[in-house]
Amino acid sequence: MRDSAGFLLCSLLLVAPHCTEVAAQDPQPDPKTPCANWMGGAPGYPGHNGLPGRDGKDGKDGLKGEKGEQGLQGSKGDQGAMGSAGPEGPRGFPGQPGLKGDKGEGAYVYRSAFSVGLTERAPHPNVPIRFSKIFYNEQNHYDASTGKFLCSIPGTYYFAYHLTVYMSDVKVSLYKKDKAVIFTYDQFQTNNIDQASGSVLLHLSSGDEVWLQIYGEGDNNGVYADNINDSTFMGFLLYPDMDFH
């Protein structure tokens, strides 16, 4: 039906110029001709929808909008794990010296020492040997007239003796408060000079006395001294008792 209407429309368009020319010559057309004014064509049907067009190009970015209001603070997150220690930083420069401190109270230093030598060749037996050659006796705790050391500072002391032996045997002992503490014996060899020595640590109380003496009879009295051979006796305080003031 659509094809017949289209064919009819096209025929009318082709015949229209010819009919216009005839009409100019004869204002009274023949009512039986196909181009009569009373014969109009039927309206056509709408055509099919066309295909969609291609996408257009992206538009330009618009202007930056105004800054929005700050949002609410979120809740505190969990504490993260401790990281590994970082590398050691460079060493700083030395600081300025501090101010000099106040002078402290001086502490009393306890001193007690002596060092003496023999001058006579054969001391008497069974009595304190009097060492009258004084090497050191600044505190005067050794008495050269008696040959005894008198303790003035209670504490721990060190005593030692080195004796030259000549002409006979020597048996010597170190005494503390009338009691022999140690013994030293040397048997003399003919045409020779020997040495006899001994040492000991003792705790002394104030007033205690320490000395050397020949032990036994005169046959053991070979302790000797001259201008090139010495027999010596010494002692000194190592440390005083803590409760001593």
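Proximity of L238 to Y157: side-chain heavy atoms (C-beta onward) are nowhere separated by under 4.5 Å. Taking the side chain as every heavy atom from C-beta outward, I214 and K171 never approach each other to under 4.5 Å. A 4.5 Å side-chain heavy-atom check between F233 and L174 finds at least one atom pair inside the cut-off. No side-chain heavy atom of S112 sits less than 4.5 Å from a side-chain heavy atom of Y110. Looking only at side-chain heavy atoms (C-beta outward), T164 and I193 come within less than 4.5 Å of each other. The shortest side-chain heavy-atom distance between L204 and K176 falls under the 4.5 Å cut-off.
Judged purely by distance below 3.5 Å, without hydrogens or angles, the side chains of Y166 and N229 never pair a donor atom with an acceptor atom. With no hydrogens or angles considered, a side-chain donor-acceptor pair links Y161 and T184 at under 3.5 Å. A donor and an acceptor atom, one from each side chain of N140 and Y142, are nowhere located under 3.5 Å apart. Side-chain N/O atoms of H203 and T156 include no donor and acceptor closer than 3.5 Å.
The shortest non-hydrogen separation linking Q139 to A113 is OE1-N, 3.2 Å. Across every non-hydrogen atom of F183 and S173, the tightest pair is CD2-CB, 3.5 Å. The shortest heavy-atom contact between N221 and P125 is ND2-CD, 4.1 Å. The nearest pair of heavy atoms linking P154 to S205 is CB-CA, 4.2 Å. Residue A196 comes nearest to V165 through the heavy atom pair CB-CG2, 3.9 Å, listed as atom of the first residue, atom of the second, then distance. Across T119 and S132, no two heavy atoms sit closer than the pair OG1-OG, 2.6 Å.
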Inset, instruction - Might you work through the side-chain hydrogen bond (donor to acceptor under 3.5 Å, both in side chains) test for H162 and T232, ending with a clear yes or no? - result: CA-CA 5 Å; H162 302 277; T232 62; 5.5 Å; no

Inset, instruction - Go through the steps for M167 and Y224 under the test side-chain contact (heavy atoms from CB on, under 4.5 Å), then give the verdict. - result: CA-CA 8 Å; M167 298 299 292; Y224 179 81; 5.5 Å; no

Inset, instruction - Could you give me the CA-CA distance, side-chain angles and deciding distance for L163 and V172, then say whether side-chain contact (heavy atoms from CB on, under 4.5 Å) is met? - result: CA-CA 9 Å; L163 307 176; V172 67; 3.7 Å; yes

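No continuous path of hydrophobic side-chain contacts links F188 to Y185 [ILVMFWY only; heavy atoms under 4.5 Å]. In this structure, I153 is a member of the same hydrophobic cluster as L202, with clusters built from ILVMFWY side-chain heavy atoms closer than 4.5 Å. At a threshold of 4.5 Å between side-chain heavy atoms, the hydrophobic network of Ile, Leu, Val, Met, Phe, Trp and Tyr places V210 and I129 in one connected group. Hydrophobic clustering (side-chain heavy atoms under 4.5 Å, transitive across Ile, Leu, Val, Met, Phe, Trp, Tyr) groups L212 together with V200. Under the 4.5 Å side-chain heavy-atom criterion for Ile, Leu, Val, Met, Phe, Trp and Tyr, W211 and Y215 are members of the same hydrophobic cluster.
Note that NE2 of H141 and CG of L150 are 8.0 Å apart. Values are rounded to the nearest 0.5 Å. Rounded to the nearest 0.5 Å, atoms CG (L237) and SG (C151) are 8.0 Å apart.
The salt bridge (charged side-chain N to carboxylate O under 4.0 Å, His left out) pairs that include a residue from residues 129-156 are K133-D230, K148-E209, where partners are two or more places apart or lie in different chains. Annotation: salt bridge (charged side-chain N to carboxylate O under 4.0 Å, His left out) contacts involving residues 182-197, sequence neighbours excluded, are absent.
A ring-ring contact (aromatic ring centres under 6.0 Å, His included) with F114 is found for one member of F131, F236, Y158, F149 and no other, namely F149.
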